[in-house]
Amino acid sequence: MNLKELEICSKKPPLYEKGNSIMWTDEYISKQLLEIHLNPDLDLASRSQQSIDSTVEFILKSCGTTSLNILDLGCGPGLYAERLAEAGHRVTGVDFSDTSIEYASNQARTKNLDINYVCKDYLTLDYKDLFDMVLLVYTDFGVLIPSEREKLLSIIHAALKLNGTFLFDVINDKHLEQKFQEHHTWTIESGGFWNDSTYLALMNGFHYAKEKVFLQQHIIVDQTEKIRTYRFWTHYFEHADITKTLGNNGFTNIESFNNILPHTDIWNGDNITFYKSVKCR
């Protein structure tokens with residue numbers, strides 16, 4: 001094992017430096033992710049059943065009584081899209097994972113739901129004035145680096161009809177000492193989340209306080225001694241950060257909502273803020 005390379009990989013990287021591997025498109029890992037998505041008791045790949053119920057209730061209240069054309073970005077296996085379709089809305093779900101989209105499509109056919117699922121990176125979409133509402137649920141807004149967020153806001157703005165609604169959630173700046181703690185741990189696992197054989201997993205957490213971003217880094221070394229690095233950048237936001245960003249990108253009537261999710265742990269309750277805004281130009 002190249003310990004020097006491992007030492008370099010495990011150090012705090014420059015801000016927004018990418019890892020050398022992508023989790024969402026890995027054939028083995030994507031299957032593990034789907035199982036976690038579908039576990040109603042976990043707040044991981046998808047939120048728990050209780051949290052999804054609360055979120056869907058909030059979305060439906062935001063929809064009003066009219067049937068809407070809704071775009072669900074990062075839809076995963078369709079846990080939100082199905083409920084919205086069952087409530088009478090027309091839904092398009094977009095996700096990067098082949099595994100999730102295949103599962104969601106099969107479920108829609110089985111349940112006779114008219115949902116259009118698209119396997120695509122939502123940063124490459126090109127819809128124009130088509131949707132009444134765009135959803136970005138489970139703090140996806142905060143996993144994008146600033147240039148990606150600006151690009152996505154442009155895509156969402158173009159996809160929405162005039163006066164259409166953009167609804168999303170973010171990690172806020174409350175209780176940071178509980179949310180973000182730098183850490184360094186390691187385990188040896190066999191047939192676990194990251195690989196179907198024995199592997200070494202190094203986990204690092206780094207806080208970039210000036211930029212309001214936390215990095216969760218996973219370094220996986222398999223039996224061939226190949227080193228794979230997965231980096232997940234997660235931003236938290238003050239209210240002024242969001243209002244300024246939305247206002248600069250053609251959105252108005254900005255409203256924030258706390259306590260939409262149940263108070264089950266530090267990643268729910270008043271630690272997550274939902275925002276609703278309207279395309280104004």
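Given the structure is predicted, the values throughout are model-derived calculations rather than measurements. Just so you know, residue 1 is the first one in the sequence shown, and it goes up from there.
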(request) Using the side-chain contact (heavy atoms from CB on, under 4.5 Å) rule, take Tyr199 and Ile188 through it: C-alpha gap first, then chi angles, then the decisive distance, then the call. (result) CA-CA 6 Å; Tyr199 60 88; Ile188 294 176; over 6 Å; no
(message) One pair to check against side-chain contact (heavy atoms from CB on, under 4.5 Å): Leu60 and Leu84. What are the steps and the verdict?
(response) CA-CA 8 Å; Leu60 291 176; Leu84 295 171; 3.7 Å; yes
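Under the ring-ring contact (aromatic ring centres under 6.0 Å, His included) criterion, Phe251 pairs with His157, Phe166, not counting sequence neighbours. With sequence neighbours excluded, the residues forming a ring-ring contact (aromatic ring centres under 6.0 Å, His included) with His184 are Phe206, listed by chain and number. With sequence neighbours left out, the side chain to side chain donor-acceptor pair (under 3.5 Å) criterion links Asn69 to no other residue. By the side chain to side chain donor-acceptor pair (under 3.5 Å) test, Ser30 pairs with Thr99, sequence neighbours left out. The side chain to side chain donor-acceptor pair (under 3.5 Å) check on Thr224 picks up Asp222, with sequence neighbours excluded. The ring-ring contact (aromatic ring centres under 6.0 Å, His included) check on His235 picks up Tyr16, with sequence neighbours excluded.
Salt bridge status for Asp53 with Arg47: absent, with no side-chain N to carboxylate O gap under 4.0 Å. Between Glu86 and Lys111 there is no salt bridge, since no side-chain nitrogen of the basic residue lies less than 4.0 Å from a carboxylate oxygen of the acidic one. Remark: Arg149 does not engage Asp140 in a salt bridge, criterion side-chain N to carboxylate O under 4.0 Å. Electrostatic pairing of Lys61 and Glu57 counts as a salt bridge here, judged by a charged N lying under 4.0 Å from a carboxylate O. A salt bridge between Lys120 and Asp95 is absent, with no side-chain N of the basic residue lying under 4.0 Å from a carboxylate O of the acidic one.
Put simply, NE2 on His207 and NZ on Lys12 are 8.5 Å apart, with the number rounded to the nearest 0.5 Å.
The two residues Asp72 and Tyr80 have their closest heavy-atom pair at OD2-CB, 4.0 Å.
The cluster map of Ile, Leu, Val, Met, Phe, Trp and Tyr, joined by side-chain heavy atoms under 4.5 Å apart, puts Leu144 and Leu215 in different clusters.
Residues Phe257 and Phe58 place their aromatic rings such that the two centres sit under 6.0 Å apart. Aromatic ring centres of Phe237 and Phe141: separated by under 6.0 Å. Here the two rings, on Trp233 and Tyr208, have centers that are under 6.0 Å apart. For His239 and Tyr275, the ring centers sit closer than 6.0 Å to each other.
Judged by the 6.0 Å and 45° rule, Lys276 forms no cation-pi pair with Phe168.
Considering only heavy atoms from C-beta on, Ile272 comes within 4.5 Å of Ile171 through its side chain.
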